[in-house]
Structures are given as structure tokens and as C-alpha cells.
Number of protein chains: 2
Amino acid sequence: MITERKKTEREARKKLIIQSALSVFKEKGLEHATMDEIAQKADFGKATLYYYFKSKDEIFNTILFDGWQSLWEGIEEYIVQTESPRQTFIVILKKLAEMVNENRALYEFLFFAPQSLPASEGQEPGWKQFQVRLYNTLLQLIEEAMDKNEFPKMDSHLVLKALGGVFHGMIFWGADREKITENAIEIFLEKFIKTHD
Amino acid sequence: MITERKKTEREARKKLIIQSALSVFKEKGLEHATMDEIAQKADFGKATLYYYFKSKDEIFNTILFDGWQSLWEGIEEYIVQTESPRQTFIVILKKLAEMVNENRALYEFLFFAPQSLPASEGQEPGWKQFQVRLYNTLLQLIEEAMDKNEFPKMDSHLVLKALGGVFHGMIFWGADREKITENAIEIFLEKFIKTHD
DNA sequence: TTATTATTCGAATGATGGGTCGAATATTAA
DNA sequence: TTAATATTCGACCCATCATTCGAATAATAA
């Protein structure tokens, strides 16, 4: 009857494994992380990992899904109609930066891993939906901001790529001190980005 | 005595191999490109590759070096003292974009591969010097531009990360039509980036 | 206590893929 | 034509994994 505790413990062990995986990924890079090493870091035998995950693939699919989900959930509450979509846009980027700074290993993985992943399992990986939502949200904010003359007018997709690049570049380039960047992004956007032509 | 032709032919074959490697890298991603497949695409037996390159590693070190070198050389002539460092900055980004569009596979590799590479061979890889030069050049232009009120004043390293991110984002995100981006970058910078606070 | 279920892991399996060998086969020089 | 020299490659070798097995060992239920 204490199946409840069992489940919780199992869940906890899965999380432990995921943390280990993340840490190995960060050290060695996705492609050079071995199950052995992940197991070792989690204090398990390699075979035990397979008691918790069907495959290596399932491990980082889980990471991707949980990661994107929590990223989305962290952002969600900030998506509201305000008088200033530009401000909302900035607030969201700040929140994103904050989350990244909170758990570097995870989010570096989220943002870089998909690049080097083999085209994935035929189907849309589940985490894509969150990425798409985030994309669309930001896109919409940009368009609204343009309407209100809070951003210069230009192809919104391109602008998203550009401003997304700003985020990506400031947060992830260089092995710098981090932490600073939360505000740095806001400062950059305020200082550098015009409101209209 | 016709050693000259020999050398040329050998060089040509090396280039063929490199092209094949690039094409496989693009299809499968660095880590999933096999020597077999590269050989196949170049119409050679796997063993033959080793007649031209010491190792897989040497192949993409060659790519990295040649690539960065040509990138640098393509840019070099545009680095001149002008009245407008901001304009020079933009011109260089345009030229970079142009080169990338000219040979996508190569430059995607240049910009993404180092990320997923295992910390490399202990020593600074030779291509780093070109990357550093480019970095310093852009950094200096940004600082000069700030001095002349052509950019708002802010930590120049951060600004470089941000504007580098703009470039990266606009050029590499999405499997879009490309080509547009050469001008798009200029337009974005002119439209969105202030000259001073 | 005993049957049942949950965990764990050492050892084996199998596939993949980088790198090597030695024997061909061209090419060129003598 | 013959002895180098340059190229090419099929067949191996071997290390590195992901993944699976089967046998323990612990926990829980009966």
C-alpha cells in the first residue's frame, strides 16, 4: 500500500540520474557522455540506469522535455496583455536569463543539444511544442510592439532571429562570470534598440 | 621532375576529400560523420583517406584552419580607418554574411563545430588566431564607434556578444532561404540600433 | 517465515567506427 | 622494359560503447 513512497523514491532516483547525465554532458559534451560515466556519477551500476530509462535516448529526451516544460512554465505568467509589449518582451527575456543562470547545465543543454542531435525519432519530439509556444509568444510581442511604435517596423521573424541572437550571444558566449547578464540584456535593449525609425 | 603536377593533384584530391567531409558533416553532424561515408562520397576507399590525412581529426582541423583563414582574408581588406567605424562594422558583417551564403556548409561548420569539439589537442588550435583577430577587430570598431557617438556607450565585450548574436541568429537560425540576410543584417542594424542614448 | 516484488549490478553481447596492413595496380623515371 | 614511386583498397584489428542477461540482494506483503 505504500506504493506512494515507492513511486516518489523512484522518481527521485530518476532525477538523480538526470542530474548526473547533465553534469557529464556539460563536461564531455553530448556525444562523449557515456552511460558508464553517468552511472558512475549517480553511484549506480550502468545496468541500473536501464531499470529507470529505456535507453540513453530516453534520458535526454526526458531532459529536453522537462527542461522546455519548466522553461515555458517559468515564462508563462509573464505573458499578459500590457500597455507595453516591448516591456513585456524584455521582462520575458530577463526571466529567461534568470532561469538560465539558475541552472546553466540544463539550459545550455536545451539550447545547444538539439543542434547536434541526430534528426531525432521521426516524430516531432514532445518538447518542440514548448519551443514553438515560446517562439510564437515572442513573435507576437514583437509585432505588437511594432504596432505601438515601440520597435521599428521590419519583418518580425527576422527581428526575432536577431533579438533571439542577442539573448543567445549575451548569455552563452564566453565562459564569463554570468549573473551579470540578466540586467545586461535589459540594459542593452534599452540602450541600443530604437523604438521607431 | 613533373613533381609539380603531382603535388597539385594531391592537393586537389585533398580538397575533394574535404568537400566530401563537409557535406557529410552537414548531413549527419560532426559526431555522426564516419570516415567510411566521407570516403564513399569522395569515391575513395576508407584506407585511402589515410593516405591523405593522418586522422579524422586532421581532416577537420584542416577545414577549420583553411576556413578561418579564408574568412579572415576575405574580411581583411575592409578593415581600414574610416570616418565611420560603425559603417565599417556593418560592412564587415555584410561581407561575412556574403561569404557564409557563398559556402554555407563550410561556415556552418566553422561556427558550430568548435562547440561540440572535445577540448581539442592541448595546444591552441591554429585557427584560433584568426578567430581572435576577427574578435579584436570587431571589438575595436565597436569601441571607436562608441567614441564617435555612433553606438551607445556600454561594455564593449557585451555589445560584441550581443551584435555577434544578431549576426549569428539572422544568418544561421532556421533553414530559411538565406541570401536575403546579407542586406537584412544591414537593414536591421540601421533600423534598430541607436547611434547614442 | 515465505512468496512476491523492487533494485542492483557484474559480465557478456553486438555493433559501430577509427585506424592499420599488405598486397595490388598505376605512374613515372631510368 | 624495368626498377622505383605513388595510389588505392579489401580485410583486419581493436577499443569503445549501448544494451541485455541472469543471478544476487533488499523490501514488502501475506
Side-chain angles (χ1 to χ4, degrees), chain A residues 1-25 27-64 113 116-121, chain B residues 1-25 27-64 113 116-121:
Chain A
M1 246 118 259
I2 323 184
T3 313
E4 206 41 52
R5 199 184 75 215
K6 279 289 167 185
K7 263 193 177 156
T8 309
E9 284 178 1
R10 185 180 169 84
E11 223 41 52
R13 274 174 235 131
K14 288 186 88 167
K15 264 181 195 139
L16 172 62
I17 291 172
I18 282 188
Q19 282 315 311
S20 311
L22 234 23
S23 123
V24 177
F25 289 158
E27 276 177 46
K28 304 293 175 72
L30 231 201
E31 312 287 349
H32 296 283
T34 70
M35 292 298 268
D36 269 306
E37 208 168 344
I38 295 172
Q40 202 180 313
K41 207 151 250 172
D43 259 308
F44 279 130
K46 177 168 49 165
T48 302
L49 297 195
Y50 288 87
Y51 183 68
Y52 292 96
F53 295 94
K54 212 185 304 303
S55 65
K56 189 183 183 185
D57 222 72
E58 186 173 292
I59 290 182
F60 58 63
N61 262 15
T62 302
I63 295 179
L64 249 12
S116 48
L117 245 60
S120 76
E121 349 80 64
Chain B
M1 245 117 260
I2 322 183
T3 313
E4 207 41 51
R5 199 184 75 215
K6 277 288 166 190
K7 262 191 178 156
T8 308
E9 284 178 0
R10 184 178 171 85
E11 222 42 50
R13 272 173 236 132
K14 288 187 88 165
K15 265 181 196 141
L16 172 62
I17 291 171
I18 283 187
Q19 283 314 313
S20 310
L22 234 23
S23 122
V24 177
F25 290 157
E27 275 177 47
K28 305 294 175 73
L30 232 200
E31 314 286 350
H32 296 283
T34 70
M35 292 298 269
D36 271 304
E37 207 169 345
I38 294 171
Q40 201 180 314
K41 207 151 250 172
D43 258 309
F44 279 129
K46 174 167 59 161
T48 303
L49 296 195
Y50 288 87
Y51 182 67
Y52 291 96
F53 294 94
K54 214 184 302 302
S55 66
K56 190 183 182 186
D57 221 73
E58 186 174 291
I59 290 182
F60 59 62
N61 261 14
T62 302
I63 295 179
L64 249 12
S116 48
L117 245 59
S120 74
E121 349 80 65

Euclidean distance, atom [atom1] of residue [X] to atom [atom2] of [N] [Å, nearest integer]:
{"X": "Ile17(B)", "N": "dC9(D)", "atom1": "CD1", "atom2": "P", "value": "10 Å"}
{"X": "Gln40(B)", "N": "dC9(D)", "atom1": "CD", "atom2": "C1'", "value": "14 Å"}
{"X": "Glu11(B)", "N": "dA6(D)", "atom1": "CD", "atom2": "C1'", "value": "15 Å"}
{"X": "Asp43(B)", "N": "dT7(D)", "atom1": "CG", "atom2": "C1'", "value": "15 Å"}
{"X": "Lys28(B)", "N": "dT16(C)", "atom1": "NZ", "atom2": "P", "value": "13 Å"}
{"X": "Glu37(A)", "N": "dT16(D)", "atom1": "CD", "atom2": "P", "value": "13 Å"}
{"X": "Leu49(A)", "N": "dC17(D)", "atom1": "CG", "atom2": "P", "value": "15 Å"}
{"X": "Phe25(B)", "N": "dG17(C)", "atom1": "CZ", "atom2": "C1'", "value": "14 Å"}

Worksheet item: Are the side chain of Ser20(B) and the backbone of Leu16(B) linked by a donor-acceptor contact shorter than 3.5 Å?
Response: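 Confirmed, Ser20(B) side chain pairs with Leu16(B) backbone.
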Worksheet item: Any donor and acceptor pair, going by atom type alone, linking the side chain of Thr62(A) with main-chain N or O of Glu58(A) inside 3.5 Å?
Response: yes
Would you say [X] and [Y] make side-chain contact, with heavy atoms under 4.5 Å?
{"X": "Gln40(B)", "Y": "Asp36(B)", "answer": "no"}
{"X": "Tyr51(B)", "Y": "Phe44(B)", "answer": "no"}
{"X": "Lys46(A)", "Y": "Thr34(A)", "answer": "no"}
{"X": "His32(A)", "Y": "Glu27(A)", "answer": "no"}

Worksheet item: Are Glu11(B) and Lys15(B) close enough for a salt bridge, meaning some N to O gap below 4.0 Å?
Response: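 Salt bridge between Glu11(B) and Lys15(B), a charged N being under 4.0 Å from a carboxylate O: no.
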Fill in: Side-chain ion pair, Glu9(B) and Arg13(B), N-O less than 4.0 Å
yes
Fill in: Non-hydrogen atoms of Leu30(A) and Lys56(A) that approach each other most closely
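Answer, listing the atom of Leu30(A) first, then Lys56(A): O-NZ, 4.3 Å.
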Would you tabulate the pairs of protein nitrogen or oxygen atoms and nucleotide nitrogen or oxygen atoms of nucleotides 18-21 of chain D closer than 3.5 angstrom?
| from | atom 1 | to | atom 2 | distance (Å) |
| --- | --- | --- | --- | --- |
| dA18(D) | OP1 | Ala33(A) | O | 3.3 |
| dA18(D) | OP1 | Lys56(A) | NZ | 2.6 |
| dA18(D) | OP2 | Met35(A) | N | 2.6 |
| dA18(D) | N7 | Lys46(A) | NZ | 3.3 |
| dT19(D) | OP2 | Tyr50(A) | OH | 3.1 |
| dT19(D) | OP2 | Lys56(A) | N | 2.8 |
| dT19(D) | O4 | Lys46(A) | NZ | 3.0 |

Pull out every protein N or O sitting under 3.5 Å from an N or O of nucleotides 3-7 of chain C, one pair per line with the distance.
| from | atom 1 | to | atom 2 | distance (Å) |
| --- | --- | --- | --- | --- |
| dT7(C) | OP2 | Tyr51(A) | OH | 2.7 |

